[in-house]
Amino acid sequence: MNGSTCSSNATICDENSCVLPEDDYNRILSTVLSIVITTMLALVMFSMGCNVEIMKFWGHIKRPWGIFVGFLCQFGIMPLTGFILSVAFDILPIQAVVVLIMGCCPGGTASNILAYWTDGDMDLSISMTTCSTLLALGMMPLCLFIYTKMWTDTGLIKIPYDSLGISLVALVIPVSVGIVVKNKWPEKAKIILKVGSITGAILIVVIAVTGGILYQGAWIIHPKLWIIGTLFPFFGYLLGFILARAAGQSWQRCRTVSLETGMQNTQLCSTIVQLSFSQEELNQMFTFPLIYSIFQLGMAGIFVGIYIFYKKWSGKTKTEFAENSKNITESEPSNCMQNGGFSQQED
């Protein structure tokens with residue numbers, strides 16, 4: 001055994017090959033990161049629930065056409081798009097898993113803010129985010145089971161459904177509690193909503209910085225993942241808009257559904273990945289949610305900028321845009337069934 005080629009604390013040495021004991025520092029930091037991410041995500045989702053008004057939410061549930069279109073986009077278009085991109089670019093099975101987890105995630109809270117900036121249907125946006133979050137408890141495992149079979153059947157990967165279930169329960173409970181708080185203590189809910197918004201931004205930074213320390217090899221990834229991270233949100237925005245328009249939705253609702261489809265809950269994806277996979281696997285998949293987050297926000301910013309420029313160029317006010325969307329909806333017979341007299345919110 002050559003002492004110059006093996007570390008003094010190596011447990012097994014065979015010429016130049018050494019097995020080192022697990023780094024306690026990384027193990028402890030990884031555990032702390034998991035706890036911090038889960039706690040912060042719970043606070044973010046709690047604040048999201050504090051944005052839901054029962055009566056408006058119930059109005060969309062009773063006339064669910066808009067939410068149903070959103071459901072088809074969220075759990076139909078996005079997982080399928082993720083699967084097609086994974087196969088088309090022939091990425092590693094473990095990388096395909098994180099792409100599919102991202103595609104199966106419910107809508108993110110940032111979509112509500114973007115819907116406001118683009119004069120979208122705020123009631124529909126919040127209702128879609130809430131419904132997709134609650135339905136994710138069943139739809140995420142189902143979609144992953146369907147789209148990962150080509151890899152799980154061959155034994156190449158194993159989906160940790162137990163960790164996934166724990167993460168989703170930890171997601172749904174805070175949202176439900178937040179809805180109760182919103183309708184019993186609305187003033188306190190406003191404060192919680194602000195705190196949650198700030199926490200969501202901090203959470204992305206915490207994940208990026210700490211993950212960069214723990215999984216340094218994760219940033220050395222194949223360009224294919226960068227390309228997928230660019231195309232995935234773009235297809236989400238585009239196909240969401242096309243499907244909503246094909247379903248006879250107003251322009252206002254088309255913008256809303258488009259944003260809800262492409263704007264995924266990247267914090268949830270990072271949390272599930274962090275809690276469910278080994279460090280070796282995380283080195284190949286941890287950065288994808290961050291890549292997706294960068295491009296989904298960048299593209300959304302471009303879309304919002306184009307819309308605001310068009311609105312100023314056309315000389316119409318925000319109210320006029322909302323009223324125009326409302327009139328278009330009322331003039332289309334195919335839309336009567338989804339509106340049903342439930343008025344859209346005007347800012």
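Heavy-atom basis, side chains included; hydrogens, waters and symmetry copies ignored. Values in this document were obtained by computation on a predicted structure and should not be read as measured data.
- Between the side chain of Thr130 and the backbone N or O of Ile126, at least one donor-acceptor pair lies under 3.5 Å.
- With values rounded to the nearest 0.5 angstrom, Ser176 atom OG is found 5.5 Å from Leu134 atom CG.
- For Thr129, the side chain to side chain contact (heavy atoms under 4.5 Å, CB included) partners at least two apart in sequence or on another chain are Met48, Ser111, Asn112, Thr133, Glu260.
- Contacts of Leu164 classified as side chain to side chain contact (heavy atoms under 4.5 Å, CB included), with partners at least two apart in sequence or in another chain: Met140, Pro141, Leu144, Tyr161, Leu168, Ile272.
- Phe288 pairs by the ring pair (Phe, Tyr, Trp, His ring centres under 6.0 Å) definition with nothing, not counting sequence neighbours.
- Tested against Leu85 for a side chain to side chain contact (heavy atoms under 4.5 Å, CB included), the candidates Leu100, Leu80, Ile227, Ile228 yield a single pass: Ile228.
- Taken to the nearest 0.5 Å, the CD1 atom of Ile101 stands 5.0 Å off from the CE atom of Met285.
- Side-chain heavy atoms closer than 4.5 Å link hydrophobic residues (I, L, V, M, F, W, Y) into clusters, and following such links, possibly through other members, connects Val181 to Ile173.
- In terms of modelled atom types and a separation under 3.5 Å, the side chain of Arg245 and the main chain of Gln249 share a donor-acceptor contact.
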Inset, instruction - Go through Val257 and Cys73 one step at a time and tell me if the side chain to side chain contact (heavy atoms under 4.5 Å, CB included) criterion holds. - result: CA-CA 8 Å; Val257 172; Cys73 293; 3.8 Å; yes

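- Distance alone, capped at 3.5 Å, places no donor-acceptor pair between the Gln296 side chain and the Thr230 backbone.
- Partners of Pro79 according to the side chain to side chain contact (heavy atoms under 4.5 Å, CB included) rule, which considers only residues two or more places apart in sequence or in another chain, are Cys104, Cys143, Tyr147.
- Looking at every heavy atom in both residues, Cys131 comes nearest to Ile67 through SG-CD1, 3.9 Å.
- Here the SG-CG distance, from Cys254 to Asp121, works out to 11.0 Å after rounding to the nearest 0.5 Å.
- In this structure, Phe295 CZ and Trp226 CH2 are separated by 6.0 Å, a value rounded to the nearest 0.5 Å.
- Of all heavy-atom pairs spanning Met150 and Phe83, the tightest one is SD-CE1, 3.6 Å.
- Side-chain atoms of Gln264 come within 3.5 Å of backbone atoms of Met102 as a donor-acceptor pair (strictly under, hydrogens ignored).
- Checked by atom type and distance alone, the side chain of Thr118 pairs as donor or acceptor with a backbone atom of Leu114 at under 3.5 Å.
- Between Lys311 and Asp119 a salt bridge is recorded (basic side-chain N to carboxylate O distance below 4.0 Å).
- Considering only residues two or more places apart in sequence or on other chains, Lys224 meets the side chain to side chain contact (heavy atoms under 4.5 Å, CB included) condition with Phe89, Asp90, Ile91, His222.
- Applying the ring pair (Phe, Tyr, Trp, His ring centres under 6.0 Å) test to Phe68 and every residue at least two apart in sequence or in another chain returns Trp65.
- Residues satisfying the ring pair (Phe, Tyr, Trp, His ring centres under 6.0 Å) criterion with Tyr237, sequence neighbours excluded, are Phe303.
- Partners of Phe75 according to the ring pair (Phe, Tyr, Trp, His ring centres under 6.0 Å) rule, which considers only residues two or more places apart in sequence or in another chain, are Phe71.
- Rounded to the nearest 0.5 Å, atoms CE (Met263) and OG (Ser125) are 10.0 Å apart.
- Side-chain contact between Phe145 and Ile159 is absent, with no heavy atoms from C-beta onward closer than 4.5 Å.
- Residue Val98 is not grouped with residue Ile294 when hydrophobic side chains (ILVMFWY) are merged at heavy-atom distances under 4.5 angstrom, including chains of intermediate members.
- For the pair Leu239 and Thr261, the minimum side-chain heavy-atom distance is 4.5 Å or more.
- Looking at Ser127, its side chain does come within 3.5 Å of a backbone N or O of Asp123 through a donor-acceptor pair.
- Residues in residues 142-155 take part in these salt bridge (Lys or Arg N to Asp or Glu O under 4.0 Å) pairs, two or more places apart or across chains: Lys149-Asp153.
- Distance alone, capped at 3.5 Å, places no donor-acceptor pair between the Thr152 side chain and the Lys158 backbone.
- Listed for the Ser250 side chain is a donor-acceptor partner under 3.5 Å among the backbone atoms of Arg253.
- Here CD1 of Ile84 is found 9.0 Å from CZ of Phe235. Values are rounded to the nearest 0.5 Å.
- Linking Ile, Leu, Val, Met, Phe, Trp and Tyr residues whenever their side-chain heavy atoms come within less than 4.5 Å places Met299 and Ile308 in a single cluster.
- Counting heavy atoms from C-beta on, the side chains of Leu268 and Pro106 come closer than 4.5 Å.
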